[in-house]
Amino acid sequence: MLDYRFQWRVVFKHWPELLDAAFLTLELTVLSVALGLMIGLVLSVWRRSDNRLLWWFTATWVALARNTPALLQIYLFYFGLGAVSIHMSSYAAVLAAITFNNAGYLTEILRGGMDAISPAQRNAAIGLGMRPVQVYVFVIIPQVLRIVFLPITNQIVWAMMGTSLGMIIGLQELTGMTTFLQSQTFRPFEFYLVAAVIYLIVAESILITARLTARYSFRW
Amino acid sequence: MKLPNYMTGLVAAVGLSVCAHAAQADLLDDIVADGELRCGVMLDAPPVGLRNANNEPIGFDVAVCMDMAEALGVKANVIETPSPDRIPALLSKRVDISISSAGNSLERAKSISFSIPYQIWDQSIAVAADSTDIASFDDLEGKKIGMLRGTTGEAAFLKQLEELDWSGDTEIISYGSNAEQFLALSQGKVDAIIEGTAIIAEFARGPGDGRIRIASRWETGPIDYTGLMVRREDVGLLNWTNLFVWHQIKNGRIDELYREWFGVPAPDMSLPGSGAY
């Protein structure tokens, strides 16, 4: 390594492509977490439901999403569905797989948050004449969000790293673009180092934004 | 504190000898002294590198590594480096030499050094066995085309696309390895793929038998002359490697490997009119 000479000019030359790819990574991360959170909210309610069918559906989803590698999940959405002639684009397959994965983890995080809310809160809300949906929307979920907010930021960073697997099926996100550029220029250390720094910056910005949001939103 | 004169002299002498040693040491000496040649070879790219039923590496490039170790009188150590990992492995000194069918582009040669050519690669267009609407390169307009990320073929195709006035429906998807590329073609995710003729032919004979076929040669595609790769500073090893490849061509060994792994006689590696290889 001592006699390796870094040449940064070639990285600056390809800076616009890297930036585009970084935004694609960010976009996939935000979308997959937002969708995963919506599905996770529904699943975590179902997880506590008395309906056996809903309970089993949720338990299966959570088990599959958390106990199989994300790469395998991407393969299943892309090539697995492809085998039965359902064709998704690389972008859609990665988004679907990472959302599926996120929903599994987020369900468990949210369920933990719901378990932490005392049953007395629910009973009190019902006692005030609220309908079950109102109980969740106005009483339970706001408190749950406060408890699970920081664990969810971990999941956002995890989702961001998961999107890098998209390069295998031809998605030009940050890792895919970096691999492409280094193989064209044969300057691997420069490009991978820069990609690592970009990932670090994106992840830190997510965490800092989340902490600031938490500080201002959960002051009550 | 002042050092006695003889001490200063001694320190200077030791310093000089260390410098002189560092300047003289060549990787070629180290390989002979260690009795081991570490070759970086792609083992996921039949027919140049693959594993046999006993999980031993075989293939065109593996055979070149064995020959080279034999010529040096040392043991061959084949280290697997997938396509995108070829240069990082060399630069980080995990391997002494990369024998991995790498096209000798001037851009790449800014980072590592190439030997004289030992193979010539052309590219072909493969389609599903029952496909009828693609017979030449121009038929690819408006189709979905699967490439292999980071290959000279991909770079050349993207460059040609900029100049061709093709419809906007033409879509390129670059996969991470041959396995995904062939799977995507078999499933109909892409209408055609472009890859080295030898690699497609090998797949069409093996697992892709009856599922894919070569539609046409890519006439305007790049003709890649491949070379063995060493680090730029290992000039002594590079000189020896050049002579080694020259001997392999001269004694007919390259032709033998071509017939064994590609099923055709070796082409003439010299460029007409250039007066050199």
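By convention in this document, chain letters (A, B, ...) are assigned in the order of the sequence lines, proteins followed by strands, and residues within each chain are numbered from 1. Small disclaimer: the values here were computed from a predicted structure and weren't measured. No hydrogens, no waters, no symmetry mates; every other heavy atom, side chains included, goes into these values.
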Side chain, backbone, both or neither: which part of L171(A) has a heavy atom under 4.5 Å from chain B?
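Contact with chain B is through the backbone of L171(A) alone.
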Check each atom of S90(A) against the heavy atoms of chain B and say whether the ones under 4.5 Å are side chain, backbone, both or neither.
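Contact with chain B: side chain only.
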Pi-cation contact, Y78(A) with K189(B) (under 6.0 Å, within 45°):
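Yes.
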Neighbour count above 12 (heavy atom, 6.0 Å) for W55(A) CH2
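More than 12 within 6.0 Å, yes.
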Is it true that, when you exclude L212(A) itself, more than 12 heavy atoms of the residues, nucleotides or ligands shown sit nearer than 6.0 Å to its CG?
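Correct, the count exceeds 12.
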So which part of [X] gets closer than 4.5 Å to some heavy atom of chain A, the side chain, the backbone, both or neither?
X: T151(B); answer: backbone
X: I112(B); answer: side chain
X: A109(B); answer: neither
X: K110(B); answer: backbone
X: E154(B); answer: side chain

Candidate pair F180(A) and L158(B), rule side chain to side chain contact (heavy atoms under 4.5 Å, CB included), full reasoning
CA-CA 12 Å; F180(A) 170 69; L158(B) 291 174; 3.9 Å; yes
Under 3.5 Å, is there a donor-acceptor pair between the side chain of Q187(B) and the main chain of S85(A)?
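Side chain of Q187(B) to backbone of S85(A), a donor-acceptor pair under 3.5 Å: no, none is there.
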Within the side chain of R149(B), is there an N or O that forms a donor-acceptor pair under 3.5 Å with the backbone of M177(A)?
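No; zero donor-acceptor contacts below 3.5 Å.
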Determine whether L91(B) and F189(A) make a side-chain contact, defined as any pair of heavy atoms from C-beta on separated by less than 4.5 Å.
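Heavy-atom side-chain distance check passes, below 4.5 Å.
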Quick check for you: among M147(B), R108(B), R86(B), which has the greatest number of heavy-atom pairs under 4.5 Å with chain A?
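Top option by heavy-atom pairs under 4.5 Å: R108(B).
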Please find the pair of heavy atoms, one from I169(A) and one from I173(B), that lie closest to each other, and give the distance.
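Minimum heavy-atom separation between I169(A) and I173(B): O-CG2, 3.9 Å.
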Establish, from distance only, whether the side-chain atoms of R187(A) and S111(B) form a donor-acceptor pair under 3.5 Å.
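Side chains of R187(A) and S111(B): pair found under 3.5 Å.
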